[in-house]
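Here the structure comes first, spelled out in structure tokens, and everything after it is commentary.
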Amino acid sequence: MQGSIEDRAVILGEYIWNKKATVRTAAKVFGISKSTVHKDVSVRLKTLNPSLYRDVKAVLMKNKEERHLRGGLATREKYLKLSAKEK
């Protein structure tokens, strides 16, 4: 992703807000690391666009609250696929 860091932070924030995406998903879509996405939307965005920052922060908090559920579902699907292969 080319361009200034400030532009990237705003674009990432808008993507996460519009898609209700996780940091990991945004990192994959934009081809950058999770650390970079997290720093852009949690540190840089705060001074660049405070209202977008608040919206993105709400999405990230919701994702954080739900991550144990997504992890459990992923593990369940993994073992269902393994047991289906064995049969």
Side-chain angles (χ1 to χ4, degrees):
M1 174 175 215
Q2 302 238 341
S4 72
I5 294 171
E6 292 82 11
D7 292 341
R8 182 182 68 203
V10 172
I11 290 168
L12 287 168
E14 289 172 347
Y15 178 81
I16 291 173
W17 170 245
N18 291 330
K19 303 284 186 176
K20 306 296 185 236
T22 61
V23 168
R24 184 176 295 225
T25 304
K28 281 184 185 177
V29 169
F30 289 95
I32 54 180
S33 72
K34 294 182 300 182
S35 301
T36 302
V37 173
H38 191 269
K39 180 153 188 164
D40 282 351
V41 299
S42 64
V43 177
R44 294 183 178 117
L45 195 59
K46 191 174 191 177
T47 57
L48 296 171
N49 191 335
S51 64
L52 180 59
Y53 166 76
R54 285 189 297 275
D55 295 338
V56 170
K57 185 176 176 182
V59 172
L60 295 180
M61 291 304 295
K62 183 173 187 256
N63 288 340
K64 186 175 180 181
E65 291 168 1
E66 295 174 349
R67 71 180 171 194
H68 70 283
L69 299 173
R70 285 191 304 274
L73 291 174
T75 303
R76 181 174 184 263
E77 288 178 20
K78 173 185 173 183
Y79 286 108
L80 285 174
K81 286 179 185 176
L82 285 174
S83 68
K85 283 183 181 179
E86 291 175 358
K87 290 183 182 179

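Worth saying up front: this structure is predicted, and the values here are computed from it rather than measured.
- Distance alone, capped at 3.5 Å, places no donor-acceptor pair between the Thr25 side chain and the Ala21 backbone.
- In this structure the side chain of Ser35 never reaches within 4.5 angstrom of the side chain of Val37, judged on heavy atoms.
- Salt-bridge annotation for Glu77 and Lys81: absent, with no side-chain N of the basic residue lying under 4.0 Å from a carboxylate O of the acidic one.
- With rounding to the nearest 0.5 Å, the separation of OG in Ser4 from CG in Leu48 is 8.5 Å.
- Considering CD of Glu66 and CE of Met61, their distance stands at 11.5 Å, rounded to 0.5 Å.
- When the options Val59, Ile16, Val10 are evaluated for a side-chain contact (heavy atoms from CB on, under 4.5 Å) with Val41, the one that passes is Ile16.
- Both Val29 and Val56 are members of a single hydrophobic cluster when ILVMFWY side chains are connected at heavy-atom separations under 4.5 Å.
- Considering CD1 of Ile5 and NZ of Lys39, their distance stands at 9.0 Å, rounded to 0.5 Å.
- Expressed to the nearest 0.5 Å, how far CD of Glu65 lies from CG of Leu60 amounts to 11.5 Å.
- Counting heavy atoms from C-beta on, the side chains of Arg8 and Arg44 come closer than 4.5 Å.
- For the atom pair OG1 of Thr47 and CG of Leu45, the computed distance is 8.0 Å after rounding to the nearest 0.5 Å.
- Between the CZ atom in Arg24 and the NE2 atom in His38 there is a gap of 13.0 Å [rounded to 0.5 Å].
- At distances below 3.5 Å, not a single donor-acceptor pair connects side-chain atoms of Thr36 with backbone N or O atoms of Ile32.
- For the pair Lys20 and Trp17, the cation-pi criterion (under 6.0 Å, within 45° of the ring axis) is fulfilled.
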